[in-house]
Colleague: 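Here it is, the structure, as C-alpha coordinates.
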Amino acid sequence: MALKFVTARCKGCGICAYFCPKKVLTVTELNKAAIAEGKENDCIECGQCEMRCPDYAIFVERGAK
Amino acid sequence: MKEALVEKYFRAGHLPHLWCPGCGNGTVLGAIVTAIDNRGIDKNDVAFISGIGCSSRSSGYVDFNTANTVHGRALPIATGLKMANPKLNVIVASGDGDCSAIGGNHLIHAARRNVDLTLIVFNNSIYGMTGGQYSPLTPVGSRATTAPYLTIEPAFDILDLARAAGATFTARATSYHVPLLTSVIEKGIAHKGFSVIEAVTACPTNFGRQNKIAAPALMMAWQRDHAVMKAKWDTMTDAEREGKFPVGVLSERNDVKEYTEAYDEIIRRAQGVSA
Ligand SMILES: Cc1ncc(C[n+]2csc(CCOP(=O)(O)OP(=O)(O)O)c2C)c(N)n1
Ligand code: SF4
(Lines give C-alpha, C1' and ligand atoms only; values in the text may rest on other atoms or scores of the structure.)
(Ligands and ions follow the chains in the order given, each with its own letter.)
Protein backbone atom coordinates (compact mmCIF):
# COMPACT_ATOMS: atom_id res chain seq x y z
CA MET A 1 0.00 0.00 0.00
CA ALA A 2 1.50 3.26 -1.14
CA LEU A 3 -0.65 5.67 0.86
CA LYS A 4 -0.39 6.46 4.55
CA PHE A 5 -3.33 8.17 6.28
CA VAL A 6 -2.95 10.03 9.57
CA THR A 7 -6.64 9.76 10.34
CA ALA A 8 -6.52 11.75 13.57
CA ARG A 9 -5.43 14.83 11.60
CA CYS A 10 -7.76 14.43 8.62
CA LYS A 11 -10.71 16.88 8.57
CA GLY A 12 -12.36 15.43 5.48
CA CYS A 13 -12.00 18.55 3.30
CA GLY A 14 -11.86 16.42 0.13
CA ILE A 15 -8.97 18.27 -1.56
CA CYS A 16 -7.00 15.02 -1.99
CA ALA A 17 -9.95 13.18 -3.53
CA TYR A 18 -10.76 16.03 -5.93
CA PHE A 19 -7.23 16.37 -7.34
CA CYS A 20 -6.26 12.66 -7.46
CA PRO A 21 -5.80 11.99 -11.19
CA LYS A 22 -6.72 8.31 -10.74
CA LYS A 23 -9.76 8.88 -8.49
CA VAL A 24 -8.17 6.64 -5.83
CA LEU A 25 -9.47 8.64 -2.88
CA THR A 26 -12.82 9.33 -1.34
CA VAL A 27 -14.16 10.93 1.86
CA THR A 28 -16.01 8.46 4.07
CA GLU A 29 -19.22 9.15 5.95
CA LEU A 30 -17.05 9.60 9.05
CA ASN A 31 -15.49 12.54 7.17
CA LYS A 32 -12.08 10.99 6.65
CA ALA A 33 -10.08 10.47 3.47
CA ALA A 34 -9.76 6.82 2.47
CA ILE A 35 -9.10 4.64 -0.58
CA ALA A 36 -12.23 4.24 -2.69
CA GLU A 37 -13.64 0.79 -3.17
CA GLY A 38 -11.91 -1.13 -5.93
CA LYS A 39 -9.08 1.44 -6.20
CA GLU A 40 -6.64 -0.31 -3.86
CA ASN A 41 -4.04 -0.83 -6.58
CA ASP A 42 -4.56 2.32 -8.63
CA CYS A 43 -2.25 4.83 -6.90
CA ILE A 44 0.53 5.98 -9.24
CA GLU A 45 2.44 7.73 -6.40
CA CYS A 46 2.18 11.14 -8.08
CA GLY A 47 1.99 12.94 -4.73
CA GLN A 48 -0.79 15.41 -5.66
CA CYS A 49 -2.64 14.55 -2.42
CA GLU A 50 0.41 14.75 -0.15
CA MET A 51 1.48 18.04 -1.73
CA ARG A 52 -1.80 19.91 -1.11
CA CYS A 53 -3.20 18.28 2.02
CA PRO A 54 -3.64 21.24 4.40
CA ASP A 55 -3.62 18.91 7.41
CA TYR A 56 -0.49 16.80 6.73
CA ALA A 57 -2.76 13.78 6.96
CA ILE A 58 -1.87 11.83 3.82
CA PHE A 59 1.57 10.71 2.67
CA VAL A 60 2.78 8.73 -0.33
CA GLU A 61 5.23 6.03 0.66
CA ARG A 62 7.03 5.67 -2.63
CA GLY A 63 7.95 2.16 -3.70
CA ALA A 64 6.03 0.62 -0.79
CA LYS A 65 3.34 -0.84 -3.03
CA MET B 1 4.20 18.16 2.41
CA LYS B 2 6.56 15.30 3.13
CA GLU B 3 6.09 13.40 6.37
CA ALA B 4 9.81 13.68 7.23
CA LEU B 5 9.51 17.49 7.14
CA VAL B 6 6.49 17.47 9.45
CA GLU B 7 8.56 15.44 11.90
CA LYS B 8 11.61 17.64 11.51
CA TYR B 9 10.01 21.08 11.73
CA PHE B 10 6.66 20.81 13.53
CA ARG B 11 6.42 21.07 17.30
CA ALA B 12 5.42 17.72 18.72
CA GLY B 13 1.87 17.41 19.98
CA HIS B 14 0.51 20.52 18.23
CA LEU B 15 -1.31 18.77 15.37
CA PRO B 16 -4.08 18.71 14.29
CA HIS B 17 -3.88 22.48 13.86
CA LEU B 18 -6.79 24.79 14.57
CA TRP B 19 -7.56 25.74 10.96
CA CYS B 20 -10.93 24.81 9.45
CA PRO B 21 -11.38 21.85 7.09
CA GLY B 22 -9.94 22.82 3.71
CA CYS B 23 -8.37 26.09 4.91
CA GLY B 24 -5.35 26.79 2.71
CA ASN B 25 -3.17 28.01 5.58
CA GLY B 26 -1.80 24.51 6.26
CA THR B 27 -0.75 24.10 2.63
CA VAL B 28 0.99 27.50 2.60
CA LEU B 29 2.79 26.73 5.86
CA GLY B 30 3.91 23.40 4.37
CA ALA B 31 5.39 25.26 1.39
CA ILE B 32 7.26 27.68 3.68
CA VAL B 33 8.75 24.81 5.70
CA THR B 34 9.70 22.92 2.53
CA ALA B 35 11.37 26.07 1.12
CA ILE B 36 13.41 26.55 4.30
CA ASP B 37 14.46 22.90 4.19
CA ASN B 38 15.39 23.16 0.50
CA ARG B 39 17.58 26.16 1.33
CA GLY B 40 19.38 24.00 3.89
CA ILE B 41 19.13 26.60 6.65
CA ASP B 42 19.53 25.35 10.22
CA LYS B 43 16.26 25.86 12.07
CA ASN B 44 18.04 27.76 14.84
CA ASP B 45 19.02 30.36 12.24
CA VAL B 46 15.40 31.00 11.29
CA ALA B 47 13.02 33.39 13.02
CA PHE B 48 9.37 33.02 12.06
CA ILE B 49 7.40 36.09 13.08
CA SER B 50 3.68 36.55 12.55
CA GLY B 51 0.99 39.13 13.24
CA ILE B 52 -2.55 38.30 14.34
CA GLY B 53 -5.15 36.33 12.46
CA CYS B 54 -5.83 32.72 11.49
CA SER B 55 -2.81 32.64 9.19
CA SER B 56 -0.61 34.19 11.86
CA ARG B 57 -1.26 31.20 14.08
CA SER B 58 1.21 29.43 11.78
CA SER B 59 4.16 30.52 13.91
CA GLY B 60 2.92 28.43 16.83
CA TYR B 61 3.28 25.13 14.99
CA VAL B 62 6.84 25.29 13.75
CA ASP B 63 10.05 24.68 15.65
CA PHE B 64 11.96 27.83 14.69
CA ASN B 65 12.55 30.93 16.81
CA THR B 66 8.96 32.16 16.71
CA ALA B 67 6.75 35.00 17.84
CA ASN B 68 3.03 35.50 17.28
CA THR B 69 3.06 39.26 17.77
CA VAL B 70 0.57 42.12 17.42
CA HIS B 71 -2.08 42.75 14.74
CA GLY B 72 -0.40 44.56 11.84
CA ARG B 73 2.91 44.88 13.68
CA ALA B 74 4.82 41.76 12.67
CA LEU B 75 7.05 43.76 10.29
CA PRO B 76 8.36 46.35 12.80
CA ILE B 77 9.04 43.56 15.30
CA ALA B 78 10.81 41.52 12.62
CA THR B 79 12.79 44.61 11.60
CA GLY B 80 14.04 45.07 15.16
CA LEU B 81 14.99 41.42 15.35
CA LYS B 82 16.85 41.55 12.04
CA MET B 83 18.76 44.66 13.11
CA ALA B 84 19.76 43.08 16.42
CA ASN B 85 20.86 39.88 14.68
CA PRO B 86 21.35 40.36 10.92
CA LYS B 87 22.51 36.74 10.54
CA LEU B 88 19.02 35.42 11.26
CA ASN B 89 16.80 34.47 8.34
CA VAL B 90 13.65 36.32 9.29
CA ILE B 91 10.39 35.06 7.77
CA VAL B 92 7.22 37.07 8.39
CA ALA B 93 3.74 35.55 8.05
CA SER B 94 0.83 37.95 7.75
CA GLY B 95 -2.82 37.85 6.65
CA ASP B 96 -4.19 40.16 3.95
CA GLY B 97 -5.94 42.25 6.61
CA ASP B 98 -2.96 42.15 8.94
CA CYS B 99 -0.51 43.46 6.38
CA SER B 100 -2.61 45.68 4.12
CA ALA B 101 -5.10 47.33 6.50
CA ILE B 102 -3.91 47.86 10.08
CA GLY B 103 -0.33 47.01 9.02
CA GLY B 104 -0.32 48.83 5.68
CA ASN B 105 1.85 51.66 6.93
CA HIS B 106 4.44 49.24 8.32
CA LEU B 107 4.44 47.39 5.01
CA ILE B 108 5.32 50.44 2.93
CA HIS B 109 8.07 51.53 5.30
CA ALA B 110 9.66 48.06 5.53
CA ALA B 111 9.64 48.11 1.71
CA ARG B 112 11.07 51.64 1.56
CA ARG B 113 13.93 50.63 3.86
CA ASN B 114 14.64 47.41 1.96
CA VAL B 115 15.13 45.42 5.17
CA ASP B 116 16.27 41.85 4.44
CA LEU B 117 13.02 40.14 5.49
CA THR B 118 10.87 37.58 3.65
CA LEU B 119 7.21 38.51 4.00
CA ILE B 120 4.62 35.90 3.10
CA VAL B 121 1.15 37.39 2.72
CA PHE B 122 -1.50 34.72 3.21
CA ASN B 123 -4.13 36.30 0.97
CA ASN B 124 -7.48 34.62 1.56
CA SER B 125 -9.32 37.84 0.55
CA ILE B 126 -11.02 38.21 3.93
CA TYR B 127 -10.62 38.67 7.68
CA GLY B 128 -10.90 34.99 8.60
CA MET B 129 -10.37 35.03 12.34
CA THR B 130 -12.92 37.70 13.13
CA GLY B 131 -15.72 36.30 10.98
CA GLY B 132 -15.51 37.46 7.39
CA GLN B 133 -15.15 41.24 7.21
CA TYR B 134 -13.70 42.50 3.90
CA SER B 135 -10.07 43.58 3.70
CA PRO B 136 -8.23 45.93 1.31
CA LEU B 137 -7.44 42.81 -0.77
CA THR B 138 -11.04 41.57 -1.09
CA PRO B 139 -12.01 41.64 -4.78
CA VAL B 140 -14.63 44.28 -5.64
CA GLY B 141 -18.11 42.77 -5.84
CA SER B 142 -17.56 40.20 -3.05
CA ARG B 143 -19.92 39.50 -0.19
CA ALA B 144 -18.59 39.99 3.34
CA THR B 145 -20.21 40.35 6.75
CA THR B 146 -19.41 44.07 6.46
CA ALA B 147 -20.69 44.16 2.85
CA PRO B 148 -23.98 42.25 2.70
CA TYR B 149 -24.79 44.04 -0.59
CA LEU B 150 -21.28 43.38 -2.04
CA THR B 151 -18.09 45.40 -1.77
CA ILE B 152 -17.72 48.55 -3.87
CA GLU B 153 -14.05 49.25 -3.08
CA PRO B 154 -11.33 48.30 -5.57
CA ALA B 155 -8.70 46.01 -4.03
CA PHE B 156 -5.01 46.77 -3.75
CA ASP B 157 -2.60 44.68 -5.75
CA ILE B 158 -0.36 44.09 -2.72
CA LEU B 159 2.70 43.35 -4.87
CA ASP B 160 2.33 46.51 -6.98
CA LEU B 161 1.98 48.43 -3.73
CA ALA B 162 5.06 46.81 -2.18
CA ARG B 163 7.12 47.27 -5.35
CA ALA B 164 6.16 50.94 -5.66
CA ALA B 165 7.15 51.44 -2.01
CA GLY B 166 10.57 49.88 -2.63
CA ALA B 167 10.34 46.09 -2.17
CA THR B 168 13.19 44.58 -4.18
CA PHE B 169 11.63 41.13 -4.72
CA THR B 170 7.97 40.35 -5.40
CA ALA B 171 6.37 37.03 -6.32
CA ARG B 172 2.99 35.35 -6.26
CA ALA B 173 1.75 31.76 -6.19
CA THR B 174 -1.27 29.92 -4.79
CA SER B 175 -2.08 27.05 -2.46
CA TYR B 176 -2.94 25.03 -5.60
CA HIS B 177 0.51 25.69 -7.16
CA VAL B 178 2.55 24.19 -4.31
CA PRO B 179 5.87 23.58 -6.16
CA LEU B 180 5.75 27.13 -7.57
CA LEU B 181 4.89 28.56 -4.16
CA THR B 182 7.78 26.65 -2.58
CA SER B 183 10.18 27.80 -5.28
CA VAL B 184 9.26 31.52 -5.07
CA ILE B 185 9.58 31.39 -1.26
CA GLU B 186 13.05 29.85 -1.66
CA LYS B 187 14.00 32.67 -4.04
CA GLY B 188 12.56 35.25 -1.67
CA ILE B 189 14.64 33.87 1.19
CA ALA B 190 17.77 33.87 -1.00
CA HIS B 191 17.15 37.47 -2.10
CA LYS B 192 19.03 40.05 -0.01
CA GLY B 193 16.50 42.79 0.67
CA PHE B 194 12.79 43.08 1.30
CA SER B 195 10.95 40.19 -0.39
CA VAL B 196 7.18 39.98 -0.59
CA ILE B 197 5.47 36.76 -1.61
CA GLU B 198 1.71 36.76 -2.02
CA ALA B 199 0.30 33.29 -1.35
CA VAL B 200 -3.25 33.25 -2.74
CA THR B 201 -5.15 30.90 -0.46
CA ALA B 202 -8.68 29.90 0.46
CA CYS B 203 -10.85 30.61 3.49
CA PRO B 204 -13.79 28.29 2.82
CA THR B 205 -15.49 29.25 6.07
CA ASN B 206 -15.61 33.01 5.85
CA PHE B 207 -14.96 33.87 2.21
CA GLY B 208 -16.16 30.76 0.39
CA ARG B 209 -19.46 30.35 2.19
CA GLN B 210 -20.43 33.98 1.69
CA ASN B 211 -19.42 33.90 -1.95
CA LYS B 212 -21.00 30.57 -2.88
CA ILE B 213 -17.82 28.59 -3.51
CA ALA B 214 -17.57 26.90 -0.12
CA ALA B 215 -16.07 23.58 -1.29
CA PRO B 216 -12.33 23.82 -0.51
CA ALA B 217 -11.34 21.82 -3.60
CA LEU B 218 -13.37 24.15 -5.83
CA MET B 219 -11.67 27.17 -4.29
CA MET B 220 -8.33 25.56 -5.20
CA ALA B 221 -9.60 24.76 -8.69
CA TRP B 222 -10.49 28.47 -9.02
CA GLN B 223 -6.85 29.32 -8.24
CA ARG B 224 -5.70 26.84 -10.90
CA ASP B 225 -8.04 28.34 -13.49
CA HIS B 226 -7.31 32.02 -12.84
CA ALA B 227 -3.53 32.08 -12.30
CA VAL B 228 -1.30 32.69 -15.32
CA MET B 229 2.47 32.20 -15.38
CA LYS B 230 4.35 35.51 -15.69
CA ALA B 231 5.90 34.64 -19.07
CA LYS B 232 2.47 34.05 -20.59
CA TRP B 233 0.93 37.03 -18.75
CA ASP B 234 3.47 39.33 -20.43
CA THR B 235 2.14 38.33 -23.86
CA MET B 236 -1.56 38.81 -23.01
CA THR B 237 -3.81 41.73 -23.93
CA ASP B 238 -5.75 43.66 -21.29
CA ALA B 239 -8.92 41.87 -22.41
CA GLU B 240 -7.28 38.45 -21.96
CA ARG B 241 -6.00 39.44 -18.52
CA GLU B 242 -9.49 40.34 -17.27
CA GLY B 243 -10.27 38.37 -14.08
CA LYS B 244 -6.88 36.60 -14.13
CA PHE B 245 -3.69 37.21 -12.14
CA PRO B 246 0.02 36.58 -12.81
CA VAL B 247 2.06 34.08 -10.78
CA GLY B 248 5.80 33.51 -10.51
CA VAL B 249 8.59 35.95 -9.70
CA LEU B 250 7.21 39.33 -10.78
CA SER B 251 10.16 41.57 -9.97
CA GLU B 252 13.68 41.46 -8.55
CA ARG B 253 16.34 44.13 -8.34
CA ASN B 254 19.72 44.10 -6.63
CA ASP B 255 20.80 47.72 -6.99
CA VAL B 256 19.42 49.04 -3.69
CA LYS B 257 21.40 48.90 -0.44
CA GLU B 258 19.96 46.60 2.19
CA TYR B 259 19.01 48.35 5.42
CA THR B 260 20.99 46.40 8.03
CA GLU B 261 24.14 46.79 5.90
CA ALA B 262 23.60 50.53 5.63
CA TYR B 263 23.04 50.63 9.38
CA ASP B 264 26.27 48.71 10.02
CA GLU B 265 28.13 51.39 8.10
CA ILE B 266 26.58 54.05 10.32
CA ILE B 267 27.71 52.15 13.42
CA ARG B 268 31.25 51.95 12.06
CA ARG B 269 31.22 55.65 11.18
CA ALA B 270 29.99 56.55 14.65
CA GLN B 271 32.78 54.44 16.14
CA GLY B 272 35.32 56.28 13.99
CA VAL B 273 36.24 53.15 12.00
CA SER B 274 36.76 53.98 8.34
CA ALA B 275 34.46 52.04 6.03
C1 LIG C 1 -5.23 45.97 17.33
C2 LIG C 1 -6.22 44.91 16.95
N3 LIG C 1 -7.30 45.23 16.22
C4 LIG C 1 -8.19 44.30 15.85
C5 LIG C 1 -8.00 42.99 16.21
C6 LIG C 1 -9.02 41.95 15.80
N7 LIG C 1 -8.53 41.07 14.74
C8 LIG C 1 -7.97 39.88 15.00
S9 LIG C 1 -7.52 39.06 13.61
C10 LIG C 1 -8.11 40.31 12.64
C11 LIG C 1 -8.06 40.25 11.13
C12 LIG C 1 -7.66 38.94 10.58
O13 LIG C 1 -7.69 38.97 9.18
P14 LIG C 1 -6.39 38.72 8.32
O15 LIG C 1 -5.28 39.56 8.77
O16 LIG C 1 -6.77 38.84 6.89
O17 LIG C 1 -5.98 37.21 8.69
P18 LIG C 1 -6.78 35.83 8.56
O19 LIG C 1 -7.49 35.61 9.85
O20 LIG C 1 -7.73 35.93 7.40
O21 LIG C 1 -5.70 34.85 8.32
C22 LIG C 1 -8.64 41.36 13.40
C23 LIG C 1 -9.25 42.56 12.84
C24 LIG C 1 -6.85 42.67 16.98
N25 LIG C 1 -6.58 41.42 17.36
N26 LIG C 1 -5.99 43.64 17.33
S1 SF4 D 1 -11.85 31.05 9.31
FE2 SF4 D 1 -10.99 30.91 7.25
S3 SF4 D 1 -8.82 31.50 7.49
FE4 SF4 D 1 -9.63 31.00 9.53
S5 SF4 D 1 -9.08 28.84 9.85
FE6 SF4 D 1 -11.18 28.92 9.02
S7 SF4 D 1 -10.95 28.71 6.80
FE8 SF4 D 1 -8.93 29.25 7.65
Side-chain angles (χ1 to χ4, degrees), chain A, chain B residues 1-11 13-31 33-34 54-55 58 61-62 122 124 173-183 199 201-205 208 213-225:
Chain A
M1 225 274 278
L3 293 173
K4 175 175 174 182
F5 297 91
V6 185
T7 310
R9 283 187 210 149
C10 178
K11 296 171 187 162
C13 69
I15 287 172
C16 56
Y18 186 87
F19 290 106
C20 173
K22 299 304 249 179
K23 300 271 164 275
V24 170
L25 298 161
T26 185
V27 178
T28 67
E29 54 207 37
L30 295 175
N31 225 20
K32 300 286 178 184
I35 295 182
E37 222 180 290
K39 300 283 185 170
E40 292 76 8
N41 296 312
D42 288 9
C43 172
I44 54 167
E45 305 184 352
C46 68
Q48 298 280 315
C49 53
E50 173 185 274
M51 176 172 91
R52 298 201 184 86
C53 174
D55 292 285
Y56 326 122
I58 183 166
F59 302 105
V60 180
E61 301 189 309
R62 287 181 179 76
K65 217 170 180 174
Chain B
M1 72 181 304
K2 295 258 178 296
E3 186 171 28
L5 297 187
V6 179
E7 275 157 22
K8 184 171 173 190
Y9 293 103
F10 278 65
R11 290 178 173 147
H14 286 251
L15 294 175
H17 51 56
L18 87 171
W19 295 313
C20 301
C23 172
N25 289 341
T27 310
V28 177
L29 180 58
V33 165
T34 306
C54 293
S55 47
S58 53
Y61 296 110
V62 282
F122 289 59
N124 59 10
T174 79
S175 55
Y176 171 81
H177 300 86
V178 177
L180 179 69
L181 180 58
T182 307
S183 128
T201 182
C203 169
T205 303
I213 38 164
L218 294 184
M219 296 186 80
M220 263 194 186
W222 182 91
Q223 297 167 9
R224 176 193 64 198
D225 298 340

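Residue numbering restarts at 1 for every chain, and letters A, B, ... go by the order of the sequence lines.
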Colleague: Residues of residues 6-16 of chain A under 4.5 Å from chain B (heavy atom pairs)?
Modeller: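 The stretch touches chain B at A/Ala8, A/Arg9, A/Lys11, A/Cys13, A/Gly14, A/Ile15.
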Colleague: Does any N or O in the side chain of A/Tyr56 come within less than 3.5 Å of the main-chain N or O of B/Lys2, such that one atom is a donor and the other an acceptor?
Modeller: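 Judged by distance alone, no pair lies under 3.5 Å.
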Colleague: So which of A/Glu50, A/Arg52, A/Gln48 has the largest heavy-atom pair count under 4.5 angstrom toward chain B?
Modeller: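 When all of A/Glu50, A/Arg52, A/Gln48 are compared, A/Arg52 has the most.
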Colleague: At what distance, to the nearest 0.5 angstrom, does CE of B/Met1 lie from CZ of A/Phe59?
Modeller: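 Going from CE on B/Met1 over to CZ on A/Phe59, the span is 8.0 Å.
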Colleague: Applying side chain to side chain contact (heavy atoms under 4.5 Å, CB included), can you list everything that pairs with B/Thr201, at least two apart in sequence or on another chain?
Modeller: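 B/Thr201 satisfies side chain to side chain contact (heavy atoms under 4.5 Å, CB included) with B/Asn25, B/Val28, B/Phe122, B/Asn124, B/Ser175 once adjacent residues are dropped.
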Colleague: Below 4.5 Å, heavy-atom pairs only: which of A/Asn31, A/Asp55, A/Ile58 has the largest tally toward chain B?
Modeller: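 Of A/Asn31, A/Asp55, A/Ile58, A/Asp55 has the most heavy-atom pairs under 4.5 Å with chain B.
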Colleague: List the residues meeting side chain to side chain contact (heavy atoms under 4.5 Å, CB included) with A/Thr28, not counting sequence neighbours, and say none if there are none.
Modeller: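 Expected list: A/Leu30, A/Lys32, A/Ala34.
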Colleague: Any idea which heavy atoms bring B/Cys23 and A/Pro54 closest together, and the distance?
Modeller: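 The answer is O-CB, 3.2 Å.
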Colleague: Does atom NZ of A/Lys23 have more than 12 heavy-atom neighbours from other groups under 6.0 Å away?
Modeller: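 More than 12 heavy atoms, drawn from other residues, nucleotides or ligands, come within 6.0 Å of this atom.
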Colleague: Given a strict heavy-atom distance threshold of 4.5 Å, which part of B/Ala31 is in contact with chain A: side chain, backbone, both, or neither?
Modeller: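 When you check distances to chain A, no heavy atom of B/Ala31 falls under 4.5 Å.
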Colleague: Could you tell me which residues satisfy ring-ring contact (aromatic ring centres under 6.0 Å, His included) with A/Phe19, sequence neighbours excluded, listed by chain and number?
Modeller: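 Applying ring-ring contact (aromatic ring centres under 6.0 Å, His included) to A/Phe19 gives B/Tyr176.
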Colleague: Answer with side chain, backbone, both or neither: which region of B/Leu218 has an atom nearer than 4.5 Å to a non-hydrogen atom of chain A?
Modeller: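 Only the side chain of B/Leu218 comes within 4.5 Å of chain A.
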